[in-house]
Amino acid sequence: MAQTVSVIVGAEDHARLAALLSDRNRPLKHVQRANIIVLSAERLPVQEVARRAGVSRPAVWRWQVRYAEQGVDGLLRDKTRKPGRAPLPTTTVARVLALTCSEPPGAVTHWTGRAMARTVGISLRAVQRIWEANRLQPHRLRTFKRSSDPAFAAKVEDIVGLYMDPPCHAVVLSIDEKSQIQALDRTQPGLPLKPGKCGTMTHDYKRNGTTTLFAVLNTLDGTVVGRCMRKHTHKEFIKFFAAVERAVPAGRLIHAIVDNYATHTHPKVLAWLADHPRWVFHFTPKSASWINAVEGFFSIITRRSIRRGVFKSVADLQDANARYIRAHNKAAKPFVWTKPADGIFAKLDRLPAPSE
């Protein structure tokens, strides 16, 4: 397209434009506009002016017209824009908040942004801004379960006390088993991660058996001792205890934190404990496995090693678990529990009372 504006720059304007181009404190947009006019005054084609100034051709035409109408001062001012939309009335915002925290109409279980926008008569983005400003996320749901153990407070104080103030000349161990870990083999190889594409894995799989990972976390240094076994009965539990017994230096008491699984209270397990008096069991409250420190390790090994793993056999799965535990122990750090028992009780007081 031919140049439609003939730019004629007088001596006074040329001096002002030259000053703009040489002023390093000027905004870049002012320098670009002055450069457009100087180049246009040389009767260069619009395409060449746009190339040298680093702008588009419509920008060249726009500032040529602006200079022709308002001179150099027009290059230094931006046109006033139409005012934006008025903010939503406080009554509308209050209605959105009230509806979000109430039951939605019909058979649905929660509000969606589009449903709220239709009900209130505003845009979806307006609803989203209100929710973001007030930290409302109706699409999310957190589950909880409050323990009904009558000795809940005493057990929590006992275990938290071990974490935060471990006894001298003793070892604090968190023990549990992760049962029924499946050795899954995918029906096809997955594709690796690429720029713009995530890694892939087939939805279907082949089961090659299961194993149970017995693990003990030493809270004092963060190291883990683990053994994979086919079953998780009291026999395997006692066998694992014997391995841990050999790993702990003689002369130290062992405070073991375990949950209420029936295997842990089997008569033969209790008989084994009677023959090994340096062991002291501390049972977690019912429905409170979150207080058992080794559960955090199980979560990590599941996400980092097991869930995306491809295992041709149970032996492959067991080898993978052993390799991960060895790598974990090389960089292990002491387990740190930060919330005292009083803080736990205060948080639980905000939850509904357990049903009988």
Side-chain angles (χ1 to χ4, degrees), residues 1-97 100 111-140 190-201:
M1 180 179 293
Q3 180 172 319
T4 59
V5 178
S6 179
V7 177
I8 300 175
V9 180
E12 183 180 352
D13 285 354
H14 195 279
R16 292 185 63 186
L17 293 172
L20 286 174
L21 292 174
S22 61
D23 190 350
R24 300 182 62 181
N25 294 323
R26 281 284 180 179
L28 176 61
K29 62 182 180 179
H30 293 171
V31 177
Q32 281 185 331
R33 296 167 188 175
N35 195 25
I36 290 172
I37 302 306
V38 171
L39 294 173
S40 299
E42 298 176 5
R43 297 296 187 269
L44 296 175
V46 173
Q47 182 68 35
E48 182 64 15
V49 174
R51 186 185 68 80
R52 294 191 185 186
V55 297
S56 64
R57 287 185 299 170
V60 173
W61 296 325
R62 179 169 61 253
W63 293 110
Q64 286 175 345
V65 173
R66 182 75 64 82
Y67 174 75
E69 294 175 347
Q70 303 179 19
V72 177
D73 292 335
L75 304 179
L76 306 180
R77 295 192 301 266
D78 292 328
K79 281 189 174 181
T80 57
R81 295 178 173 84
K82 293 181 180 180
R85 293 182 179 180
L88 291 173
T90 56
T91 55
T92 303
V93 176
R95 186 184 178 198
V96 171
L97 298 179
T100 304
W111 284 101
T112 64
R114 288 179 174 83
M116 181 64 69
R118 287 194 302 268
T119 302
V120 181
I122 58 178
S123 67
L124 170 62
R125 185 58 192 141
V127 173
Q128 293 171 340
R129 282 195 294 266
I130 295 173
W131 283 352
E132 290 171 1
N134 294 274
R135 301 177 64 185
L136 289 173
Q137 297 176 322
H139 65 286
R140 297 187 63 187
L191 298 178
L193 177 72
K194 295 181 180 179
K197 294 184 178 180
C198 63
T200 64
M201 176 180 287

Which side-chain N or O atoms in residues 84-96 pair as donor and acceptor under 3.5 Å with protein atoms at least two apart or in another chain?
none

Enumerate, atom names and distances included, each donor-acceptor pair closer than 3.5 Å involving a side-chain atom of residues 24-31, sequence neighbours excluded.
from	atom 1	to	atom 2	distance (Å)
Lys29	NZ	Asp78	OD2	2.9

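The heavy-atom pair separating Val7 from Ser40 by the smallest distance is CG2-CB, 3.9 Å. A pairwise comparison of heavy atoms in Ala53 and Asn35 identifies CA-ND2, 3.9 Å as the closest pair. The heavy-atom pair separating Ala59 from Ile36 by the smallest distance is O-CD1, 4.4 Å. When every heavy atom of Asp13 is checked against every heavy atom of Tyr67, the shortest pair comes out as OD2-OH, 2.8 Å. For Leu193 against Cys198, the heavy-atom pair with the smallest separation is CD1-CA, 3.6 Å.
Remark: of the listed residues Val38, Val49, Val60, Val49 is the sole one forming a side chain to side chain contact (heavy atoms under 4.5 Å, CB included) with Leu44.
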Verdict with supporting geometry, Val127 and Val120, side chain to side chain contact (heavy atoms under 4.5 Å, CB included): CA-CA 9 Å; Val127 173; Val120 181; 5.9 Å; no
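With sequence neighbours excluded, the residues forming a salt bridge (charged side-chain N to carboxylate O under 4.0 Å, His left out) with Glu48 are Arg51, Arg52, listed by chain and number. Among residues two or more places apart in sequence or in another chain, the salt bridge (charged side-chain N to carboxylate O under 4.0 Å, His left out) test is passed with Arg114 by none. Residues passing the side-chain hydrogen bond (donor to acceptor under 3.5 Å, both in side chains) test with Arg77 are Gln70, sequence neighbours excluded.
Counting only heavy atoms from C-beta outward, the side chains of Leu39 and Glu42 approach each other to under 4.5 Å.
In this structure, the side chain of Asn134 engages the main chain of Ile130 through a donor-acceptor pair within 3.5 Å.
Under the side-chain hydrogen bond (donor to acceptor under 3.5 Å, both in side chains) criterion, the residue pairs touching residues 115-131 are Thr100-Trp131, Arg125-Gln128, Arg125-Glu132, with sequence neighbours excluded.
Taken from CG in Leu97 to CE in Met116, the straight-line distance is 8.5 Å, to the nearest 0.5 Å.
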